[in-house]
Amino acid sequence: MNHLKNYKKLITVLILVSTTPFLFLFSKVNFSLFFSNQSTFWNSFVLVFANVAGFIGAVLLFWQMILGSRFVTSKLTDDTVGMNLLHRWLGTYGTIFILIHPLLEAYNYTVSWWWLFTFNISNELEEHVTYGRIALLLFLLIWVTSAILRSKMKYRPWLYIHYLAYPLMGFVFIHALDLGSYLAEYLYLKVIWFSMITLFVWVVINRLAIFAGFGSVKYQLIDKKMVGENIVLLTLQPLRKKLSSTIGQHFYIKLKRLGVAHPFTIMEYDGVTGHLTFGIRMTGKFTKQLKDLPVGHLFYLEGPYGVFTREAQNNDPKVIIAGGIGITPFVQLVKKFGDNTVFFYCNRSLEDAVSRDELIRAVGKNYYDVINQHNRELSANIINGKMSAKHIIQVVGEQNVANRNYFICGSAKFVKSVEKILQSIGVAKSKIYYEELGF
Ligand SMILES: Cc1cc2nc3c(=O)[nH]c(=O)nc-3n(C[C@H](O)[C@H](O)[C@H](O)COP(=O)(O)OP(=O)(O)OC[C@H]3O[C@@H](n4cnc5c(N)ncnc54)[C@H](O)[C@@H]3O)c2cc1C
């Protein structure tokens, strides 16, 4: 398993090393003027501040992009949830700095806000500023679609807009180099800037290589089963190389060598034959074609990634809450570590429950179905309705609720709602582990 124990410290150091040198630019401000000539002081301060903000914003954006690539992060850690949180954190703070830069520049030049969007290339200076304007426009497009419109947009248009982060970064590099008297003046800043450009080019080349199928391993479909109307179970066998994995990890899957890969959690893994079984809910363009594939069809796999359920791989008392296809990381887990486990499996109807009999065998009387639609079957272990605080307290016991570790998997919406319920009954954040199957 790939897990650099101190990966968070390493990333913090890298971010600090690449951002703090830009703070030394404040040495260009003549602070003694603060008392004698306030307006000159503030003008020079705002000028430097605008540049420092631009540089720091660009560096944070750069790290957000680099650490958004699984090719890079898999070298540091398997903790994809932790990396996603960092990705969002860098995006939030990067945005603040990025936006300060053009606003203060417009203020410095005493021009209207429209100047920021006037794509003027009439002279060399304006041409170089225009690279920054294009970068700003691309940035705003990505930011608005990610932070505001994401839940209202389909995944693919959002993804294609998100890819604009690559040309955006290119424009940022050129903009700062063209206008950057500071980069020309201070060798150490130039070294940071060119190191970033080199790393950026290396990541782009690697992403293109992954897109073209380099590094993926061929598997063949050997079995296919439907569960209910929307879920298909696929078993694949390796053609030559066998990829090994641990419980709860996921692979990226493609049907053609060239193209975008989709993540799916391993439901079952046979260490001897290398057979992998995936439980897949048919939601969109990629997943809907899976049920019609003939046995023998080729798959391209890349991975494994992730560490979800690592803390559950023991017989300590735990509570598992799975929503729909969020069952996949738990099937192998409870077969091996099902003792002392309370299991809630939330579905629309019992027909949608994947591997239900196996789960009941593994967990016994502590297995509960939480069924959204009214059903006629009467049993103490079938709860009608939605997951609620009352159900958790009743089953886990009020005295135990705060001591248990909780493992949640399902759609982002499901995970957030369960997390909220757990926190409302006093479960600490540190006791909640989750994986969102989408975002
Ligand atoms: C770590 C992880 C593990 C997953 N495990 C499973 C699993 O075991 N079983 C299962 O049915 N589903 C799983 N998913 C969800 C699965 O990846 C998506 O349902 C699938 O990619 C949808 O593609 P689509 O074209 O059919 O649907 P779309 O309608 O195009 O997408 C539906 C949603 O799936 C997600 N998605 C789509 N494409 C990608 C992509 N290339 N990379 C990342 N997310 C994408 C987005 O959230 C999107 O909104 C997992 C997702 C993640 C992130």
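Order of listing sets the numbers, starting from 1, for every ligand and every atom in it. From a predicted model like this one, the values you see are computed outputs, not experimental measurements.
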In the protein, which heavy atom is nearest to [atom], and how far is it?
| atom | result |
| --- | --- |
| atom 27 (O) of ligand 1 | Gly284 CA, 3.2 Å |
| atom 9 (N) of ligand 1 | Gly279 O, 2.9 Å |
| atom 26 (O) of ligand 1 | Thr287 OG1, 2.5 Å |
| atom 23 (O) of ligand 1 | His262 ND1, 3.2 Å |
| atom 38 (N) of ligand 1 | Tyr155 CE2, 3.0 Å |
| atom 11 (O) of ligand 1 | Arg281 N, 2.7 Å |
| atom 19 (O) of ligand 1 | Thr283 OG1, 3.6 Å |
| atom 30 (O) of ligand 1 | Arg156 NH1, 2.6 Å |

Practice task
Ignoring hydrogens, tell whether any protein atom lies closer than 4.0 Å to atom 33 (C) of ligand 1; use the non-hydrogen atoms only.
Solution key: no
Is [X] in polar range of ligand 1, meaning some N or O pair under 3.5 Å apart?
| X | answer |
| --- | --- |
| Leu437 | no |
| Ile280 | no |
| Thr328 | yes |
| Thr265 | yes |
| Arg150 | yes |

Handout entry: Phe71 ring center near Phe214 ring center (under 6.0 Å)
Key =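 Distance test on ring centres: not under 6.0 Å, no.
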Check the angle between the aromatic planes of [X] and [Y] and answer parallel, tilted or perpendicular using the 30° and 60° thresholds.
| X | Y | result |
| --- | --- | --- |
| Phe173 | Phe200 | perpendicular |
| Tyr252 | Tyr305 | perpendicular |
| Phe22 | Trp193 | perpendicular |

Exercise for the section: May I ask you to list the atoms of ligand 1 that are less than 4.0 angstrom from any heavy atom of Val260? Expected result: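 Within the 4.0 Å cut-off of Val260, ligand 1 contributes 41 (N).
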Handout entry: Interfacing atoms of ligand 1 (cut-off 4.0 Å, heavy-atom, Ile325)
Key =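 Close to Ile325: 9 (N), 10 (C), 11 (O).
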Practice task
Would you give the length of the straight line joining atom OH of Tyr367 to atom CG of Asp357, rounded to the nearest 0.5 angstrom?
Solution key: 9.0 Å
Exercise for the section: Measure the CG-NZ distance between Asn230 and Lys288 for me, rounded to the nearest 0.5 Å. Expected result: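 Nearest 0.5 Å value for the CG-NZ distance: 8.5 Å.
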Handout entry: Check against side chain to side chain contact (heavy atoms under 4.5 Å, CB included), Tyr345 and Leu359
Key = CA-CA 10 Å; Tyr345 189 9; Leu359 295 170; 3.9 Å; yes
Practice task
Have a look at Pro263, Pro329, Ala261, Ser411 and point out the one with the heavy atom closest to atom 52 (C) of ligand 1.
Solution key: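 Nearest heavy atom to atom 52 (C) of ligand 1 lies in Pro263.
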Handout entry: For atom 12 (N) of ligand 1, the option (of Phe286, Phe264, Phe251) bearing the nearest heavy atom
Key =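 Among Phe286, Phe264, Phe251, the closest heavy atom to atom 12 (N) of ligand 1 belongs to Phe264.
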Handout entry: Proximity of His250 to ligand 1 by residue part, where a heavy atom lies under 4.0 Å
Key =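 Within the 4.0 Å criterion, His250 contacts ligand 1 through side-chain atoms alone.
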Problem - CZ (Phe97) with more than 12 external heavy atoms under 6.0 Å - result: no
Exercise for the section: Using a cut-off of 6.0 Å, state whether more than 12 heavy atoms not belonging to Tyr93 lie near its atom OH. Expected result: no
Handout entry: Presence of salt bridge, Lys413 and Glu436, under 4.0 angstrom
Key =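 No, this pair does not count.
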Practice task
Using a strict 4.0 Å threshold on nitrogen-to-oxygen distance, state whether Lys318 and Asp316 make a salt bridge.
Solution key: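 Result for this pair is no, no salt bridge flagged.
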Handout entry: Side chains of Tyr269 and Ile247 in contact at under 4.5 Å (non-hydrogen atoms)
Key =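 When only atoms from C-beta onward are counted, Ile247 and Tyr269 do not touch, as no gap falls below 4.5 Å.
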